[in-house]
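The chains referred to below are lettered A, B, ... by the order of the sequence lines, with proteins before strands, and numbering in each begins at 1.
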Amino acid sequence: MLQVGNIIANKEKYVEGLKKRNLNNAAELLEEVIALDDERKQNQHTLDSNLAEANSLAKQIGGLMKEGKRAEAEEVKAKTAELKSLNKSLSDKQNEIEAKLQQALYNIPNIPNETVPTGNSDEDNVEIERHGEFPTLHEGAKAHWDLIKDHDIIDFDLGIKITGAGFPVYKGKGARLQRALVNFFLDEATKAGYGEVQPPIVVNEASGYATGQLPDKEGQMYHITNDDLYLIPTAEVPITNLYRNVIVDEKELPVKHVGFTPCFRREAGSWGAHVRGLNRLHQFDKVEIVQIQKPENSYEALKEMCNHVASLLEKLELPYRVLRLCGGDLGFTSALTFDFEVYSAAQEKWLEVSSVSNFETYQANRLKLRYKNDQKKSVLLHTLNGSAMALPRIIAAILENNQDEHGINIPQVLHSYTGFDRI
RNA sequence: AGAGGAGUGGCAGAGUGGUCGAAUGCGGUGGUCUUGAAAACCAUUGAUCUUCACGGAUCCGGGGGUUCGAAUCCCUCCUCCUCUGCCA
């Protein structure tokens with residue numbers, strides 16, 4: 001979440017920034033935070049001086065008791081009763097104010113970077129790069145949802161039987177292709193200096209709040225109510241939360257991690273004809289890269305992460321484009337996001353396969369993730385993450401783009417991982 | 001899952017109602033000495049809020065309570081260890 005001090009110092013700028021998200025009551029939201037913070041300080045000040053007085057009286061009593069002056073001690077004690085009840089109500093009030101302030105801050109999204117264009121939806125995202133040639137498909141080329149049936153490599157009906165819609169079963173070469181991609185992505189990230197981690201795929205509420213999925217995307221996650229745990233929508237949540245409440249040693253910066261996990265998304269209300277086959281699932285596999293950076297280096301790191309994602313797509317020989325997300329499509333916690341889309345030739349559609357974001361200090365503030373600078377002051381770090389990559393749509397594009405009359409060619413770079421070059 | 005024990009600063013570990021944000025040791029940092037290093041010695045070494053500053057407040061697993069006063073007593077939750085049970 002945003003830092004109150006920064007809100008006060010940059011109010012006008014922030015209002016402008018939030019307008020890009022089409023948040024028209026931004027000024028009021030920020031005013032509310034400032035007012036609550038003011039109230040918090042004033043109340044805290046009163047409470048503190050009362051507590052100081054109570055503390056000193058308590059010490060007096062202690063001293064008198066030691067000297068055996070019981071009567072005098074009782075006299076002082078009498079004075080404390082009123083103070084005590086006053087302090088109780090002041091501290092109740094303080095808790096109330098702080099809860100309200102917290103709530104107000106939770107409801108304000110991150111300030112978009114100045115390069116974020118205005119816009120209302122994904123239609124207003126700006127294409128900034130395009131690479132690769134669209135393949136020429138043979139007569140009668142099929143979309144991946146037909147190809148997977150023809151070759152019996154991914155089975156949606158079986159998934160429906162054992163779980164439900166959106167939980168496909170990968171079989172034979174389909175399963176092997178998926179595993180090959182996971183290993184390829186992990187190896188590439190490792191070569192690029194990311195340390196591999198394998199985190200839990202359920203997280204507690206505190207983790208959900210720290211990276212911003214809660215309260216913003218409550219309905220998007222599967223919630224295990226018996227134990228109050230959430231299935232992760234992305235490895236970003238557990239991996240970034242490894243650093244919750246941590247003061248990182250400056251020598252360890254930047255922190256770079258890669259992790260492979262399944263991801264779970266309820267996708268409530270987002271189904272329709274345009275999300276057939278592998279285009280949208282409730283469970284899918286993803287390799288995620290995460291960086292923790294000093295503020296001054298974070299945009300350089302964002303570029304580096306984008307280059308990494310681009311290199312994966314180059315190696316897989318998939319045509320892709322890069323989009324700069326507009327304010328209306330930008331995630332709640334992100335300051336700047338680049339989406340990568342591959343072209344899936346049979347359905348003639350661009351499919352989002354990666355989203356690379358800089359959250360600046362927005363997550364770090366909730367995480368309490370800091371390092372000590374030269375002056376030994378605690379400084380919030382910047383967090384970044386990106387998919388590298390999400391599997392199903394990559395598979396969709398590979399199947400569709402590389403098909404011919406008799407089968408499907410596997411990209412060269414995967415052969416050593418799959419053990420076969422054709423499906 | 002049941003019974004018992006325990007959670008204190010970066011780590012180890014003392015502290016069982018009063019001046020304890022907390023002894024001591026290790027580690028870290030700075031210095032003296034040294035050509036340099038080691039050793040030794042000296043000093044320093046948690047976080048957050050607030051204040052221009054002095055200072056003040058809060059934090060001993062989390063939350064609540066008793067008390068003039070809580071690391072210390074009570075309740076509750078969490079976590080870890082030991083034994084028993086169960087199980088990849």
Walk me through whether Asp152(A) and Lys171(A) qualify under side chain to side chain contact (heavy atoms under 4.5 Å, CB included). CA-CA 7 Å; Asp152(A) 194 26; Lys171(A) 297 158 72 176; 3.0 Å; yes
Watson-Crick or G-U wobble mate for rA53(B), both contacts under 3.5 Å: none
Using 30° and 60° as the class limits, which term best fits the ring planes of His308(A) and Tyr194(A): parallel, tilted or perpendicular? tilted
Return the pairing partner of rA22(B) with a 3.5 Å limit on both distances, Watson-Crick or G-U wobble; otherwise return none. none
Rounded to whole Å, the CG-P distance (Asn55(A) to rU67(B)) equals 17 Å
Please determine, for the side chain of Lys59(A), which listed nucleotide (rA57(B), rG65(B), rU19(B)) has the closest atom? rU19(B)
Round to a whole Å and report the spacing from CG of Leu229(A) to P of rC78(B). 12 Å
Can you tell me the pairing partner of rA43(B) across any strand shown, Watson-Crick or G-U wobble, with both distances under 3.5 angstrom? rU29(B)
Atom CD of Glu39(A) and atom C1' of rU50(B): how far apart are they, to the nearest Å? 16 Å
Tell me: CG of Asn245(A) to C1' of rG61(B), nearest whole Å? 12 Å
Distance, C1' atom - from rA22(B) to rG30(B), rounded to whole angstrom: 25 Å
To the nearest Å, how far apart are Gln42(A) CD and rA57(B) C1'? 17 Å
Once the angle between the rings of Phe184(A) and Tyr417(A) is folded into 0 to 90°, is it parallel (under 30°), tilted (30 to 60°) or perpendicular (over 60°)? perpendicular
Within this structure, what is the CG-to-P distance between Leu64(A) and rG69(B), rounded to whole angstrom? 16 Å
Can you confirm whether or not the ring centre of Phe264(A) sits under 6.0 Å from the ring centre of Phe284(A)? no
Check the pair Glu304(A), Gln293(A) against side-chain hydrogen bond (donor to acceptor under 3.5 Å, both in side chains), reporting the backbone distance first and the verdict last. CA-CA 12 Å; Glu304(A) 176 199 310; Gln293(A) 282 279 0; 5.3 Å; no
Which part of the nucleic acid, if any, lies within contact of Lys77(A), taking any heavy atom under 4.0 Å across all strands shown: a base, the sugar-phosphate backbone alone, or nothing? base
Atom CZ of Arg40(A) and atom P of rC49(B): how far apart are they, to the nearest Å? 8 Å
Side-chain N or O of Lys88(A) versus OP1/OP2 of rG65(B): is the shortest distance under 4.0 Å? yes
Is Lys217(A) positioned over the aromatic face of Phe332(A), cation under 6.0 angstrom from the ring centre and no more than 45 degrees off axis? no
Write down the distance between CG (Asn204(A)) and P (rG62(B)), rounded to a whole number of angstrom. 16 Å
In whole Å, measure the gap between the C1' atoms of rU45(B) and rU34(B) for me. 25 Å
Would you mind classifying the nucleic acid contact of Lys377(A) as base, sugar-phosphate or nothing, using non-hydrogen atoms under 4.0 angstrom? nothing
Pairwise P distance, rG28(B) and rC77(B) [rounded to whole Å]: 42 Å
Among rU51(B), rU19(B), rC68(B), the one nearest Thr80(A) by side-chain distance: rC68(B)
Pairing check on rU79(B): which nucleotide meets the Watson-Crick or G-U wobble criteria with it, both distances under 3.5 Å? rA6(B)
If you check the Met65(A) side chain, which of rU58(B), rG18(B), rU50(B) turns out closest? rG18(B)
Could you say whether His45(A) or Ile61(A) is positioned toward the 5' end of RNA chain B, judged by the nucleotide with the nearest heavy atom to each? His45(A)
Please state the P separation for the pair rC60(B) and rU8(B) - nearest whole angstrom. 12 Å
Identity of whatever pairs with rA1(B) - Watson-Crick or G-U, under 3.5 angstrom: rU84(B)
Return the nearest nucleotide to the side chain of Ala58(A); candidates are rC68(B), rU50(B), rU19(B). rC68(B)
By nearest atom, which of the nucleotides rC68(B), rA57(B), rU50(B) is closest to the Lys84(A) side chain? rC68(B)
OH/Tyr299(A) to CG/Leu336(A) distance, rounded to the nearest 0.5 angstrom? 5.0 Å
Quantified in whole Å, what is the C1' atom distance between nucleotide rG17(B) and nucleotide rA71(B)? 11 Å
Per Ala52(A) side chain, nearest of listed nucleotides rU50(B), rU58(B), rG56(B): rG56(B)
When rounded to the nearest Å, what value does the distance between C1' atoms of rC26(B) and rU44(B) take? 16 Å
Leu57(A) or Asp48(A): which one's nearest nucleotide on RNA chain B is closer to the 5' end? Asp48(A)
What is the nucleic acid contact for Ser49(A), judged by heavy atoms within less than 4.0 Å: base, sugar-phosphate only, or nothing? nothing
rU72(B) - base-pair partner by Watson-Crick or wobble geometry, distances under 3.5 Å: none
